[in-house]
Amino acid sequence: MSGGEPRTLAPPERRRTEITANEKIGAYSLITGRDPDGPGEPRPGQFYMLASAERWGGGEGERPYLPRAFSYARARPGPDGVELSFLLEDVGPGTHRLGELRPGDGLHVLGPLGIGFTPPPDGRRAVLCGGGIGAAPLLCWQEERSGGTEILLGFRSAAHAECASLFAGAPTVVTDDGSVGRQALVTEPLRATLEDDPRAAVYACGPPAMLEGVRALCAELEVPAQLAMESGMACGFGACFGCVVPTRAGFVRLCVDGPVLDAARLETALTPGAGH
Amino acid sequence: MSGGEPRTLAPPERRRTEITANEKIGAYSLITGRDPDGPGEPRPGQFYMLASAERWGGGEGERPYLPRAFSYARARPGPDGVELSFLLEDVGPGTHRLGELRPGDGLHVLGPLGIGFTPPPDGRRAVLCGGGIGAAPLLCWQEERSGGTEILLGFRSAAHAECASLFAGAPTVVTDDGSVGRQALVTEPLRATLEDDPRAAVYACGPPAMLEGVRALCAELEVPAQLAMESGMACGFGACFGCVVPTRAGFVRLCVDGPVLDAARLETALTPGAGH
Amino acid sequence: MDLCGVQLAGPILNGSGTFDAIAARRAFGDALLERFPFDCFVSKTITVEPRQGNPPPRLWEAPGGMINSIGLPNKGLEGFLAADLPQLAELPVPLCVSVMGFDRDELALLVSALAERDEVALVELNVSCPNVETGLIMGADPGETAAAVERVRGLLDRPLIVKLTPNATDPAAVAGAAEAAGADAVSLVNTLKGMALDPRSGRPWLGGRTGGLSGPAVRAIALEQVATVSSRVSIPVIGMGGIASGEHAADFLAMGATAVAVGTESFRDPAAGRRIGAELAALGGGAAAATADLPA
Amino acid sequence: MDLCGVQLAGPILNGSGTFDAIAARRAFGDALLERFPFDCFVSKTITVEPRQGNPPPRLWEAPGGMINSIGLPNKGLEGFLAADLPQLAELPVPLCVSVMGFDRDELALLVSALAERDEVALVELNVSCPNVETGLIMGADPGETAAAVERVRGLLDRPLIVKLTPNATDPAAVAGAAEAAGADAVSLVNTLKGMALDPRSGRPWLGGRTGGLSGPAVRAIALEQVATVSSRVSIPVIGMGGIASGEHAADFLAMGATAVAVGTESFRDPAAGRRIGAELAALGGGAAAATADLPA
Ligand SMILES: Cc1cc2nc3c(=O)[nH]c(=O)nc-3n(C[C@H](O)[C@H](O)[C@H](O)COP(=O)(O)OP(=O)(O)OC[C@H]3O[C@@H](n4cnc5c(N)ncnc54)[C@H](O)[C@@H]3O)c2cc1C
Ligand SMILES: Cc1cc2nc3c(=O)[nH]c(=O)nc-3n(C[C@H](O)[C@H](O)[C@H](O)COP(=O)(O)OP(=O)(O)OC[C@H]3O[C@@H](n4cnc5c(N)ncnc54)[C@H](O)[C@@H]3O)c2cc1C
Ligand SMILES: Cc1cc2nc3c(=O)[nH]c(=O)nc-3n(C[C@H](O)[C@H](O)[C@H](O)COP(=O)(O)O)c2cc1C
Ligand SMILES: Cc1cc2nc3c(=O)[nH]c(=O)nc-3n(C[C@H](O)[C@H](O)[C@H](O)COP(=O)(O)O)c2cc1C
Ligand code: FES
Ligand code: FES
């Protein structure tokens, strides 16, 4: 950590980790790599830039060429270094290639990067709100905040909702098609719990439209919210200036000033080109 | 065949074949693909342009990007189409990728291409002379010429020489290091047999320096020779004009006017950029 | 569709010098004609005198593409008219002949000779070479290009295409000059100047020392130039550079091209043009674009 | 080695705008300074006024590279001097500041302000932008470039590098003009103009509509320009464009570059510069080149 920000510093070079597991969790994959050379305690909300060591750019790949950004979903100490897990949704060539990795394969990582979640101010209860693959950073955030967190998750379908089983307790799950839980957007149960008891701090991650729904709702109910956002990234460490999102104070680079942003800084959580 | 040339026509498009076998033959790999849509009777000396169906250019690969040229080593009729075998030496990204193919994988082929070997004129005996991976086209040429062929093969080492076992009869084998047969260049036994009985026609394939040795020797002894040559190819069907070699009559495209050239057409078999 | 008054069954041409229909027929026989990959065939560039081309090696595989230093080998005008033209006339699609002259008199000689042959539906001027009189690359200079077009315009009663080089500060200015001088269409991009070294010797790999880069690596550059040129001229634009799928073709059409050409991708599969045309048609936009100009 | 009188431990620079040492230090802490990837640090280009840069999206992944439309966001001259310069002065390597002006007065303002600061070892003029007075891209035109260099040359007692754009008909002529006007070195290539469309909407993807292509896709183009420029000028040439390995770096040095810069490859690994330097040293040639100019 530096300057009080929830930021664990990264070694200044890409390193090779070894895949120890790749599990299918419904529509997603949970890949785990053993990282003997990286810090053992990344902060929930931080992310890593990932690339498979083989068949990825630089002599092998047309696309993927650049590394891809992923929130870590779990970091567990092991005898040979921290075991980092990432929850992936296959949306294109990079996520597809990462999802193919098998135990023993090499995974290049740079990280942890960016600023993670800040604990709730003045004794508010934490409400974690995820949309789809946005569940990933909430997993380690729940693990770190032993007890007292409420979890609301929205998914497209039952296959996507399977990853709710990774969470402790009984998350509230809604789906677009009603196949698991109520047929609703996740902002619906969020509104219910916040109206019920507004002494909360919301932690949200998900697609831009959902984050914008959360932002508008929290602004309306005057509940503080931290949004873990996405944007296209080339480097992840502030070098390319490619990952900016608009804030009330102008563009900020999501990789060094985020990916977690206080919702109050945003006029909107919708950024052109983000999401898919 | 067209116009009396030993040339079987190819379908005018790349097609997908399925790998049925990939055997290690010492230092080389013999890969076999089932080709239901191609002609069953290519002519020995003809070649195919190959690319693996996955992880090769066009969205996947930086290099290999273009297909690679390979003489077919065997073509055997099967119930579901001809089984085409290629003998490969791993010298770079393309041959490496092809050597990794496993049964069931897709192999893109275009061919057969080019002009193959012409039978010996006026009752001469055929002397097949191969250097290293140059043994490949001699294999099918020997199979087609039932009996009466003499086979001389030179290799770098015993591991390379293992592929001599693919030939019928008892090929004469020499190696650079003397680990199998005499320590000699293959032009040595070639000189011996031609001086013994010059009523021969030589069919040679191998690295440029060896082909040049064969060419010079056959010119000296006035023995006709056909050389199956190599050059860097982008297309294999005359489109790019990239594969030219110098002849006494100027540059010719090896892919449509070769790869088998009458040695008498050449001043030298050495071409800048060919071989490795 | 209609390209400068010539009716084509679709918008897919080949890039000059990337498909030799005569050699391909030797390899593939008449099946080539039955499943011909292009809607219009563009010949390799011919010159007045025969040329052997550059010494090998002529090819280098680059990230996402290749570099060639072929050097315009061709039989020369007479050889082309005698040996090649009759065979190209047998193709099932209209013929465009590409020509290059090292001065304007050569260009005039080439164009007037072609003007006499009915087999020739269109002529393309490849101006990516230095003018031996002025030393300037014709296609990089608006004035040079205009002068070349003016010189030959009156000699030909058929459409005249000017093929632009991307190695220019302002290709749109060159396109505008070509249009003003009477060109019926422009095509772009030709290859980008590039170079590679022999990993063993550290000296230039290509026999011609430098060469031209083509393939997917240049697609983004080509698309930008096509968009800029299309917005500057009102004559048809033929877009090319790294097109390898129907989606890529659709991108060029969306940025203002009337037709597209497939070059390097044909080396990977001689049927690439046909596949790309079919993919484009399946996208809808392409089919629409292809038929939009047909007379009612 | 010696670069225009500045002593460097090796020949590896970063490309301007491809490494923000201040942001990187926030991510990596002081370990960055202990294992600093470059032998000389080049700042992102600064302008007189602060700039927000282009709207997102700013990035597109292309075959063998990427397109960016960043749009030169920076704090402006005052902000740079106050906030950034003190932090950049802590880096363990000499500092080169890159500047861009939209007219010559702006350039003069920037260069004279930097001339007063001892922390600045070299200044690079990024001339890949239009001169708002003449409308010409400064770096594509020899006369414009010469006038810009002449205007600032007398204002600076330290080495002045001119960064050339590859989007020019004759970059060597521009380099020659820069040399004649007093530049101490030239660097090239900047990015190549390119474009990509949003696969969903078919409209330009980048917020800035067009962008600059970089990475391995441009390496062959860059190498050719570096070779041509090196043969035309006698001042040092800093080569860049797609360098991703020591072998690539060695190729640029073999074609006449005195030093090389690593850009896009740093995005894949912040330590790329260090790796490339080590690979180059292992090849021998690089180490030789790196020490050849050291005073005896
Ligand atoms: C901080 C952060 C954390 C993240 N955490 C996770 C996580 O935990 N799990 C997870 O699954 N994902 C996560 N993501 C998203 C993940 O990084 C992307 O899904 C991934 O980069 C997509 O790469 P791809 O190659 O699979 O798909 P791409 O093909 O790159 O497609 C992704 C989107 O990029 C755009 N696109 C398409 N083609 C191009 C192109 N050529 N160039 C540029 N853009 C293009 C489109 O909008 C497309 O929908 C995170 C992103 C960020 C920034
Ligand atoms: C008609 C014909 C028949 C052939 N038959 C056979 C056969 O039966 N079996 C067999 O194993 N091989 C055969 N070959 C050779 C085979 O085609 C080559 O070994 C293969 O293309 C090498 O590809 P690669 O990617 O593995 O190696 P590459 O990396 O392409 O290396 C091969 C050589 O190409 C050069 N080179 C290196 N980099 C580049 C580059 N970027 N661009 C261009 N050239 C480069 C170098 O000289 C290098 O040594 C045949 C070739 C021809 C023309
Ligand atoms: C091997 C090769 C030869 C070429 N020869 C010519 C030529 O003779 N005349 C010409 O105008 N363009 C020639 N070109 C350029 C192509 O027609 C085309 O403009 C360029 O390759 C870009 O398209 P692509 O990326 O689809 O190949 C040649 C290109 C290649 C690769
Ligand atoms: C994201 C990005 C931002 C850049 N910003 C600048 C800049 O501010 N000033 C400049 O002179 N060049 C800039 N460049 C160009 C690089 O310095 C370099 O010239 C170019 O990228 C080619 O090198 P590469 O292929 O190694 O990246 C930028 C390049 C990239 C990719
Ligand atoms: S991803 Fe490069 S600056 Fe943020
Ligand atoms: S390989 Fe293309 S012409 Fe021979």
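Convention: sequence-line order gives letters A, B, ...; per-chain numbering from 1.
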Chemist: Just how far is it from atom CD of D:Glu265 to atom CD1 of D:Ile276, taken to the nearest 0.5 Å?
Modeler: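 Here the interatomic distance stands at 5.5 Å.
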
Chemist: Any chance the side chains of D:Thr165 and D:Asn190 put a donor and an acceptor closer than 3.5 Å?
Modeler: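 Looking only at side-chain atoms, D:Asn190 and D:Thr165 do not form any donor-acceptor pair under 3.5 Å.
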
Chemist: Just so I understand: if I count every heavy-atom pair under 4.5 Å between each of C:Met255, C:Arg209, C:Arg203 and chain D, which residue has the most?
Modeler: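 Of the options given, most contacts go to C:Met255.
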
Chemist: Does the pair D:Trp60 and D:Arg58 meet the rule for a side-chain contact (heavy atoms from CB on, under 4.5 Å), with working shown?
Modeler: CA-CA 7 Å; D:Trp60 179 259; D:Arg58 292 179 171 184; over 6 Å; no

Chemist: Quick check on C:Ile67 against chain D: is it the side chain, the backbone, both or neither that has a heavy atom closer than 4.5 Å?
Modeler: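 Contact with chain D: side chain only.
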
Chemist: Applying a heavy-atom distance below 4.5 Å, give me the residues of residues 222-236 of chain D that approach chain C, sorted by number.
Modeler: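 Expected list: D:Leu223, D:Glu224, D:Ala227.
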
Chemist: Under 3.5 Å, side chain of D:Thr169 to main-chain N/O of C:Thr169, donor-acceptor pair present?
Modeler: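 Indeed, once roles are kept as given, a pair shorter than 3.5 Å links the two residues.
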
Chemist: For chain C, which candidate among D:Gly211, D:Ala217, D:Pro204 shows the most heavy-atom pairs at distances under 4.5 Å?
Modeler: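 It is D:Ala217.
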
Chemist: Does anything in residues 237-248 of chain C form a side chain to side chain donor-acceptor pair (under 3.5 Å)? List the pairs, not counting sequence neighbours.
Modeler: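 Counting only pairs at least two positions apart or across chains, the side chain to side chain donor-acceptor pair (under 3.5 Å) contacts touching residues 237-248 of chain C are C:Arg219-C:His248, C:Ser245-C:His248.
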
Chemist: With sequence neighbours left out, write down each residue that passes side-chain hydrogen bond (donor to acceptor under 3.5 Å, both in side chains) with C:Glu279, or none if nothing qualifies.
Modeler: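 Per chain and number, C:Glu279 pairs via side-chain hydrogen bond (donor to acceptor under 3.5 Å, both in side chains) with C:Arg275.
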
Chemist: Among side-chain atoms of D:Ser214 and D:Thr191, is any donor-acceptor pair under 3.5 angstrom?
Modeler: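 The answer is no; no qualifying pair exists.
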
Chemist: Taking side chain as everything from C-beta outward and backbone as N, CA, C, O, which of these in C:Ala196 sits under 4.5 Å from a heavy atom of chain D? Side chain, backbone, both or neither.
Modeler: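 Only the backbone of C:Ala196 comes within 4.5 Å of chain D.
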
Chemist: Could you look at C:Asn167 and say if it's the side chain, the backbone, both or neither that has a heavy atom under 4.5 Å from chain D?
Modeler: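 The backbone, not the side chain.
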
Chemist: Which residues pass the side chain to side chain contact (heavy atoms under 4.5 Å, CB included) test with D:Ala271, not counting sequence neighbours?
Modeler: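 Residues passing side chain to side chain contact (heavy atoms under 4.5 Å, CB included) with D:Ala271: A:Glu13, D:Asp269, D:Arg274.
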
